[in-house]
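Chain naming here is simple, since letters A, B, ... match the order of the sequence lines and numbering starts at 1 in each.
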Amino acid sequence: MDKTYSPGDIEERIYRRWESEGLFAPAGDGAPFCIVIPPPNVTGTLHMGHAFQDTIMDALTRFHRMAGDRALWQPGTDHAGIATQMVVERQLLAEGQTRHALGRDAFNERVWRWKEESGGTIARQMRRLGASVDWGRDRFTMDPGMSRAVQQAFIRLHEDGLIYRGKRLVNWDPVLKTAVSDLEVQSEEENGTLWHVRYPFADGKGHVTVATTRPETMLGDVAVAFNPDDQRYRGLDGRMLALPLTGRQIPLIADEFADPAFGTGCVKLTPAHDFNDYEVGQRRGLPLINILTADAKISEEAPTAYRGLDRFEARKRVVADLEAAGLLEKTEPHRLTIPRGDRSGAVIEPWLTDQWYVRIAPLAEPAIRAVEDGRIRFVPANWDRTYFEWMRNIKDWCISRQLWWGHRIPAWYAPDGSIYVGETEADVRKRHGIPADIALRQDEDVLDTWFSSALWPMSTLGWPDKTKELGTYYPTSVLVTGFDIIFFWVARMVMFGLNFTGEVPFREVYIHGLIRDHDGQKMSKSKGNVLDPLDIVDGIGLEALVAKRTTGLMQPQVAPAIERATRKQFPDGIRAYGTDALRCTFASLATLSRDLRFDLGRVEGYRNFCNKLWNAARFVLLMTEEPLPAGEEMLSLYDRWIRSRLAATTAAVRDAFSEFRFDLAAQAIYEFTWYEFCDWYLEFSKPVLQSGDAGEAERRGARRTLLETLEKLLRLLHPLMPFITEEIWQKIAPRIGKTGKSIMVEPFPGPEPSAISAAVEAEAQWTMASILGVRAIRGEFDIAPSHQAAVFIENASAEDRRRFEASASAICKLAGIGEVRWLSPGERAPQSATATVGDMKIHLPMAGLIDVDAELARLGKRRSKVEQELARANAKLGNENFVRNAPADVVTQERERLEGFKRELAQLSEQHERVASLR
RNA sequence: GGGUGCUUAGCUCAGCUGGUAGAGCGUCGCCCUUACAAGGCGAAGGUCGCAGGUUCGAAGCCUGCAGCACCCACCA
């Protein structure tokens, strides 16, 4: 093995081998375990959030695979209707083309080409991240099989009366010129204006005043309402008003909808352009006047003067005209929420169109029950509240989109307006007996992308066919996703899954947090703070990073600021940290928190950890190079200690995995590896293996423990750090006679309670305390490591002496002790700095090494600390309520602590006197 | 207007059923001791957002407050 760990050399090679040996496909006859990937946009690239999510899914999959389950991680990508269509349209625009000029078929061909061109990026990225997905089962939402599932789902829902077509107000995006669902509308508070406008009575006597934030829609007003309880307007119900600028007359009506407390208490009603007004209009039988076109210009239904004007242009014109007519009473600033399309950013217009809807209430009810009765479990659990909240107030889902890229709606129209739903035109004709001479026209629209996503766990496994995979892996085991798509995706999968199969699509939903940058900002291209996970894996130079962050911006003017920030944060670019370090960082971020700040410092920490593991492995290999002749074997205290610690760590890691606490798993392994295995055990093993004064049986025990502990540790670590563990395992495993072809299909370490020994740990702890005591003195006084101290030990019990002598070589080596003298009772040590372990004192003579004042300062500091603790323990035990009410073992423990402090304090005082007398 | 989450060391975060406050990075000493300077050994650093309450005992439980973040909602 190379002296330095360099991930670049090993990761790609190892992945290729895993893949070519077919290790990602489910194998064996264990219990099925399945995760379906949340399909990323096929033409996109993976960002940090994906990499994070993939790390979690891969860790789970690898864990279950090693645990003997038939583990399937189902990969795939999404056609992402609007997003992808927008990208291609922008490409066309750059070429001076439009999709309309190209025509539907040619445009779709173009999108398919773009998909083929860019579709490989994600797969490449996932391979670099070590994702153990079953590539043989890769799916795309517009594959023939997937499309068939979509079509069948639509047909069945329609047959069951759960899909209908209706004309009503929808959220209309006038830039994309399509309807969008409620979820795709982002409402944000913005500064606006409230205009108070006079509507004169038709008879010329007086007026009422209405307040509005959208004056241009008055062109479509059909009434003005006041509250029936509003005394100001008593008796005016039914009076006619002359609607300004239009020449039309509209009634003043009394309706509960009007809020007397707002503005003047009069509200204008524009049923074709406002969701509330629409409802009132329906209830009151008011007409609908649609004054806007699909691109939000004033339509033919409005007065000539305004036709063709953009809505915002029209607003200005209307306000000016009202003012000129003396009808604008006042204008005031007003905060209001503006709905915008989440893709286009355009202000959404409530607009009257024909659309397809899913009747959602009958689907929601069983979906609510499935979570209530625990068939589906959210982790962390309180996300179920969010889910319930939305599901209980759910509204019908508008599923048609006026786009070209997506699943075409399987509905055909006859000239007489009848609608037929079926697989193909031929199927429709056959089913409904429609003769060839009646022309049928297929619906132009496509389905919301999320319609196909909602089927994903079923469709990827073969639904609507009853495939073997569907039978085996459905319901899937865990869904891993972010809270941002609980409504978009999770809820809809549950509804569709239950409706079509009668079973939940997954049993657990692990909701992870959102990866933000170091300052807590959401990562986005426009903020220029995005990190490409592969740039952390492979590293990237500063110039390349700047270029990456500043090209292709929607607003190029922010480029200089981004460049400055980038140069400041990464003056040397980003170094290559390797996949394992990145994955471990992600694992350590997988806390229950919902905002996760990504800090490169942590990646560096885990890269160092990889290096540590690497070098520990080199040491183990070095120590076990030439075989020892077979023979008797003896396990030392430390051999038994590290086995005990490993067993405890294994239990902690297994617990952590079962609770999705990858952060705790990573932490447990990190601490074991570094602080126990490397810092202590490897050091303990050195005197045995290197000094030659240990017996052969002891050496055999140590060598076997080294190998077995490391080998097991690698398996424990593999789900989080697949590459480095494989690389090392290939070298370690043969030395204990393991012949498996890959660590990824070796068993995950099982619980081993019998290896845990409190007695062994206590004795090992005692020796460590002795070593630490001496080292603290050495550190405090900067005693050179090369100096072998001669120590005097005072007040040692027989057990102390036995323990010390049993581990003498290890203690002396690690504490830098050259010689030990045991003082008999009454015998005094020379002036020394002293470490205490229980009642035993280890004296380090001061002559020539230790400065008297410095030692007094050290003792003083320690004394004040002990005094503090002592006072606290005293107070506690002096409180009779504590003694009476606290559990017996807590009280005993506190008494022992108190005694310990008392003894130590006495020793410190005595020591202080002795040293002080030297002056 | 409802709802959720967060507030612990300079920074990023752990702290499981209440029982001696922890890690990484950063900082300060000493050390190239043949696994590892991407390292070793030692050290400094915290009124656990604020105020009450419950309890023998609170970072943790309850109440209120403050600050931050997010989600949902049709108030012109």
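Aromatic pair A/F378/A/Y510: ring centres not closer than 6.0 Å. Taking the six-membered ring where the residue is Trp, the centroids of A/F52 and A/H512 are separated by under 6.0 Å.
Nucleotides B/G64 and B/G24 are separated by 36 Å at their C1' atoms, to the nearest Å. Separating the C1' atom of B/C36 from that of B/U55 is a span of 50 Å, rounded to the nearest Å.
Across every strand in view, B/U33 sits unpaired, with no contact that passes the Watson-Crick or G-U test at under 3.5 angstrom. When both distances must be under 3.5 Å, the Watson-Crick or G-U wobble mate of B/G45 does not exist. When Watson-Crick and G-U wobble pairs are counted only if both distances are under 3.5 Å, B/C6 pairs with B/G67. As the counterpart of B/U54, no nucleotide is assigned, since no Watson-Crick or G-U wobble pattern has both distances under 3.5 Å. With a cut-off of 3.5 Å on both Watson-Crick or G-U wobble distances, the partner of B/C16 is given as none. When both pairing distances are held under 3.5 Å, B/G1 makes a Watson-Crick or G-U pair with B/C72.
In this structure, A/R392 forms a cation-pi arrangement with A/F388, its terminal cationic atom sitting closer than 6.0 Å to the ring centre and no more than 45° off the ring axis. A cation-pi arrangement, defined by a distance under 6.0 Å to the six-membered ring centre and an angle within 45 degrees of its axis, is absent between A/K813 and A/F684. Both tests do not hold together for A/R492 against A/F487: distance to the six-membered ring centre under 6.0 Å, angle to the ring axis within 45°.
Ranking B/C36, B/A38, B/G39 by closeness to the A/Y5 side chain, first place goes to B/A38.
Here A/A254 pairs with A/F226, A/P228, A/D237 under the side chain to side chain contact (heavy atoms under 4.5 Å, CB included) rule; sequence neighbours left out.
Exactly one residue among A/Y5, A/W674, A/Y670 makes a ring pair (Phe, Tyr, Trp, His ring centres under 6.0 Å) with A/Y606. That residue is A/Y670.
Residue A/Y387 places no side-chain N or O under 4.0 Å from the OP1 or OP2 atom of B/G3. At B/C56, none of the side-chain N or O atoms of A/R884 fall inside 4.0 Å of OP1 or OP2 (strictly under the cut-off). Note on A/N608: a side-chain N or O is less than 4.0 Å away from OP1 or OP2 of B/G39. Side-chain nitrogen and oxygen atoms of A/W390 include none within less than 4.0 Å of the OP1 or OP2 phosphate oxygen of B/U4. Contact annotation: A/K3 reaches the phosphate of B/C36 (side-chain N/O to OP1 or OP2, under 4.0 Å). In this structure, A/R775 reaches the B/G42 phosphate: one of its side-chain N or O atoms is under 4.0 Å from OP1 or OP2. Between A/K686 and the phosphate of B/A35, there is a side-chain N or O to OP1/OP2 separation shorter than 4.0 Å. Close to B/C56, at under 4.0 Å from its OP1 or OP2, lies a side-chain N or O of A/N885. An OP1 or OP2 oxygen of B/A43 is reached within less than 4.0 angstrom by no side-chain nitrogen or oxygen of A/K861. Taking side-chain N and O atoms only, A/N611 has no distance below 4.0 Å to OP1 or OP2 of B/G39.
Rounded to whole Å, atom P of B/C74 lies 15 Å from atom CG of A/D396. Protein atom CG of A/L682 is 10 Å distant from nucleotide atom C1' of B/C36, rounded to whole Å. As rounded to whole Å, 13 Å separates atom P of B/C41 from atom NZ of A/K813.
In terms of position along RNA chain B, the nucleotide closest to A/K876 lies nearer the 5' end than the nucleotide closest to the other residue of the pair A/R214 and A/K876. Of the residues near RNA chain B, A/L336 and A/W383, the one whose nearest nucleotide (by heavy atom distance) lies more toward the 5' end is A/W383.
Without hydrogens or angle criteria, A/N885 side chain to A/N881 main chain gives a donor-acceptor distance under 3.5 Å.
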*Indicate for each nucleotide in nucleotides 6-14 of chain B, in 5' to 3' sequence, whether protein heavy atoms under 4.0 Å reach the base (B), only the sugar-phosphate (S), or nothing (-).*
-----SBSS

_From CA spacing to verdict: ring pair (Phe, Tyr, Trp, His ring centres under 6.0 Å), A/W680, A/Y675_ = CA-CA 7 Å; A/W680 289 108; A/Y675 306 135; over 10 Å; no

